[in-house]
Structures are given as structure tokens and as C-alpha cells.
2 protein chains.
Amino acid sequence: MPTMRSYRDGCAIARALDAIGERWALLVVRELLLGAQRFTDLRRALPGVSANLLTDRLRELEVNGVVTRSTLPPPAASVVYELTGSGRELEPIILALGQWGQRMPGPADRRPLSATSVLLYLRSVCRPDPAEQRTVYAVELDGRTWTIATSQGTVTVESGEPPQHDSRLRTDPETLNALLADPSLFEAALDDRTLVIDSGDAATGRRLFSL
Amino acid sequence: MPTMRSYRDGCAIARALDAIGERWALLVVRELLLGAQRFTDLRRALPGVSANLLTDRLRELEVNGVVTRSTLPPPAASVVYELTGSGRELEPIILALGQWGQRMPGPADRRPLSATSVLLYLRSVCRPDPAEQRTVYAVELDGRTWTIATSQGTVTVESGEPPQHDSRLRTDPETLNALLADPSLFEAALDDRTLVIDSGDAATGRRLFSL
DNA sequence: CCGCATCCGTTTCGATACTG
DNA sequence: CAGTATCGAAACGGATGCGG
């Protein structure tokens with residue numbers, strides 16, 4: 001059964017933490033910032049969380065009005081979790097927390113990087129040239145495919161395969177992150193095959209990192 | 001000994017949560033946003049936290065570079081905890097979390113309100129008239145005295161007794177919060193003595209809530 | 001009193017196994 | 001796929017103790 005402890009403090013900060021302060025809760029929200037996800041996808045994206053606990057957190061977030069649980073209409077009929085409006089309002093806070101965490105004295109750790117966090121970063125920093133044509137990328141990260149579309153100065157990131165794409169890339173979160181920080185690593189990444197272009201030309205692929 | 005668990009995720013959000021995501025940690029930071037505090041004051045301000053847990057959290061926050069522990073020079077010689085620069089950078093995030101928490105569907109709870117949260121709110125919303133003369137208030141809340149000074153369009157809130165003051169008020173967090181939301185309740189609060197003016201005239205006291 | 005340290009019962013977490 | 005069941009380990013919460 002879900003956790004039911006509270007700080008018992010009328011303060012709005014404490015009440016917010018009652019809702020999203022339990023362990024893993026905010027990382028679940030982070031995952032859902034890129035769109036609705038299924039239980040199993042959340043598990044894969046959050047290595048270390050047990051199925052048991054993920055169930056509890058999702059239920060708590062649901063009763064707290066942060067997440068909604070819905071069953072897709074047939075023939076899909078799968079269960080998906082999605083942020084509510086209130087949940088989406090956490091985005092700037094979570095991104096700010098990420099910026100704070102980045103400034104922290106990190107002991108040069110080489111820990112695996114979550115795909116979602118890199119994609120969130122991409123979405124938050126990329127401001128494509130508004131004059132540029134709409135470009136749709138299919139990006140495969142950690143075995144999952146994402147749709148990244150640049151259009152009229154904005155970037156959208158969605159889970160799943162795009163209906164059609166201009167370029168299909170395959171890489172890992174660490175490489176993607178490195179390329180966003182320094183686009184000039186593009187050719188080197190192609191060379192050691194940490195980045196693979198499955199379709200589309202190199203110039204189109206490279207443009208994703210030159211935003 | 002302190003908690004030593006980690007999300008083991010290179011993502012900056014997860015690393016931030018490793019530093020300040022444990023239970024009570026962010027509320028400790030909240031308390032310290034108004035200035036250095038002693039162990040016992042933190043305990044009183046955070047009813048529900050046990051002494052050993054507070055010790056653990058303070059140590060963790062210390063090793064994570066969020067808090068510094070220092071012994072005041074004699075004759076005080078007391079131990080105080082204070083935010084580092086990194087810790088102070090959490091202020092906008094914590095305030096944003098508070099705004100999010102306030103928008104949450106609160107089930108009309110009448111839980112005790114922490115003094116710090118009301119003072120943080122006061123400091124964040126009050127924009128006094130820059131033309132106004134500097135005014136120093138001594139405000140007693142929950143048995144502790146705070147110094148609130150308005151000067152040149154800014155408000156400062158500090159723990160402790162001011163050297164001199166223009167007005168001395170005594171009230172409780174709930175009343176102070178209500179007065180900030182609706183200054184017209186000032187006279188009613190004086191009537192039922194949930195607000196007491198110990199020194200200074202009523203007009204000066206009232207000005208604190210008309211910012 | 002203040003700033004903890006130690007002990008101890010309870011809750012939560014994390015891992016593995018299992019089910020509709 | 002989307003969860004439950006179970007269980008040992010860790011964290012929490014409260015009480016008490018203790019040196020300065």
C-alpha cells in the first residue's frame with residue numbers, strides 16, 4: 001500500500017514535498033515530462049526502482065493530482081501514465097533543479113546517463129533557426145526510439161517512432177549529451193560508431209546538434 | 001551514520017536529488033534561507049524531525065556543499081549552520097515549489113504553519129515603497145524574535161532581536177499569513193489579540209502589511 | 001540547557017520471484 | 001505487459017543518555 005506520511009506542516013513547500021517529495025517521485029515526473037509512458041517503459045528508464053515501489057509512487061502521484069492513469073482504447077488497450085496540468089507545471093522546477101545539480105561539485109563520475117534527461121536538456125536548450133525547414137529525426141537511444149522534430153524555431157520531443165523521418169540516428173545518452181555540448185565531436189562519434197546514421201545524409205544529422 | 005544511497009544516475013536532476021532529496025533535507029534548507037540557525041532552533045522549527053535524523057541531514061548537506069557548520073567565536077561559542085553559496089541558489093527553486101504547492105488542491109487543512117515559510121513569503125512578495133523611510137520591526141512568532149527591516153524598496157528578514165526597532169509586534173504564523181493576504185484584517189487581529197503591538201504606534205505596525 | 005550519540009520499534013526501500 | 005507477494009536491509013521516528 002502507498003506511503004501515507006506527511007510533514008504535517010501547512011507550509012506550501014512542505015505540502016508540495018508531501019506530494020512529490022518521496023523517493024523516486026520526482027524522477028517519475030521527469031520521465032513523464034516527455035509524454036505519456038507505460039509502466040514497463042518507466043521501469044526501464046529508472047533502473048533501480050522496484051516494480052513494487054513504482055506502483056506505489058504512481059498511485060500516490062495519481063491521488064495527488066500529478067499523474068493520470070488511463071487505458072488506451074482498443075486495439076492498443078495498454079495502460080499509460082501521463083502528467084496532469086498540475087504535473088506539467090513542475091517542469092520549470094525540475095529543469096531548475098537540474099541546472100543546480102549540474103553546478104554541483106561532481107566527483108568526475110562516469111555514471112550512466114538517463115536518456116530522458118538528455119532529451120529534456122536538448123528540448124530546453126535547442127532553439128533552431130526559425131527560417132529552417134521542418135526536420136523530423138528518428139533517434140534510437142538505449143533501444144528506444146524517439147521522435148525529434150524541429151519546426152519554426154521550436155523543438156518537440158516525443159516517445160515513439162515518427163510516421164516519416166528525414167534522418168534516423170542511433171546513439172547512446174552519453175554521446176548525445178557530448179554532442180550537444182560540443183557539435184564538433186560529430187565526425188569523431190561517427191568514426192568510432194558511437195553515433196550511427198541509419199538514414200538521411202550526414203549534413204541533416206549534424207544539423208540536430210548545431211542548434 | 002548518514003544516509004549513503006544514490007540514484008546512480010548521471011542526470012543532473014538525479015544528482016541534485018541525491019544531494020537534497022532525502023527526507024527533511026529541503027525543509028532544513030528552507031529554514032536556513034532566513035539565515036544561520038542553531039541545531040536547537042532547527043529542531044523547534046521542524047516539529048517531527050528527530051534529533052539523530054537532523055544530525056544526519058546536516059552532515060549530508062555539509063558534505064554535499066549545501067551547508068556549512070561553524071562555531072561562533074567566544075563568548076557565544078555556539079554552533080550554527082548556514083547555507084553555502086550553492087545552498088542559497090536553491091532559494092528560487094524552493095519558492096517555486098511553494099507556489100506549486102499552494103496551487104495544489106488542498107483539502108482545507110488547518111495544519112500548523114511554520115513561521116519560516118510565512119516570513120519567506122513575506123520577503124518574497126513585499127515590495128515596499130522606495131520613498132518610504134527605513135523601518136525596523138521586531139516580530140515575535142512562536143516565541144522567537146525576528147528582525148524585519150524595510151528600506152529603499154527591499155525587505156530583509158533576519159533571525160534575532162534588532163539593536164533598535166520602530167515597532168514590536170507579537171503574533172502567530174497563521175495570523176501573520178492572513179494579514180499578508182488581507183491587510184484589512186489588521187484591526188480585527190488587534191481586537192482578538194492574535195496580534196499585539198508591544199511598542200510603536202498602530203500606523204507603523206499596519207504599514208508592514210500594506211506593502 | 002545544547003549538541004549530539006545510542007538504542008529500538010516501525011516504516012519504507014530494494015531485490016527477487018511470481019501471477020492474471 | 002502490468003503489476004502483486006514476499007522478505008531482508010536500510011531509513012525513519014521517538015526516547016533516553018551523556019559530556020560540555
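So that the names make sense, note that chain A is the first sequence line, chain B the second, and so on, each numbered from 1.
Here A:R5 does not reach the OP1 or OP2 of C:dT10: none of its side-chain N or O atoms lies under 4.0 Å away. Taking only side-chain nitrogens and oxygens, B:Y81 comes nearer than 4.0 Å to OP1 or OP2 of C:dC4. Taking side-chain N and O atoms only, B:S78 has no distance below 4.0 Å to OP1 or OP2 of C:dC1. For the pair A:T40 and D:dA2, the criterion of a side-chain N or O lying under 4.0 Å from OP1 or OP2 is met.
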Verdict with supporting geometry, B:S6 and B:D18, side chain to side chain donor-acceptor pair (under 3.5 Å): CA-CA 6 Å; B:S6 162; B:D18 277 340; 2.9 Å; yes
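In this entry the distance linking CG of B:L53 with P of D:dA11 reads 11 Å, nearest Å. The CG-P distance, from B:L58 to C:dC4, rounds to 8 Å in whole Å. The separation between B:D18 atom CG and D:dA11 atom P is 13 Å, rounded to whole Å. Rounded to an integer number of Å, the gap from A:L54 CG to C:dT16 C1' is 16 Å.
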Let me check something: any side-chain donor-acceptor pairs from residues 44-52 of chain A under 3.5 Å, sequence neighbours excluded? List them with distances.
residue : atom : partner : partner atom : Å
A:S50   : OG   : A:L53   : N            : 3.4

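Taking the ring centre of B:F39 as origin, the terminal cationic atom of B:R69 falls outside the region bounded by 6.0 Å and 45° from the ring axis.
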Could I get a table of every N or O pair under 3.5 Å where one atom is in the protein and the other is in nucleotides 7-9 of chain C?
residue : atom : partner : partner atom : Å
C:dC7   : N4   : B:N52   : ND2          : 3.3

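Side-chain proximity of A:R43 to C:dT16, D:dC12, C:dC13: nearest is C:dT16. You'll find that the side chain of B:T3 is closest to D:dA11, out of D:dG3, D:dG13, D:dA11.
A donor-acceptor contact under 3.5 angstrom links the side chains of B:T116 and B:E31, judged on distance only.
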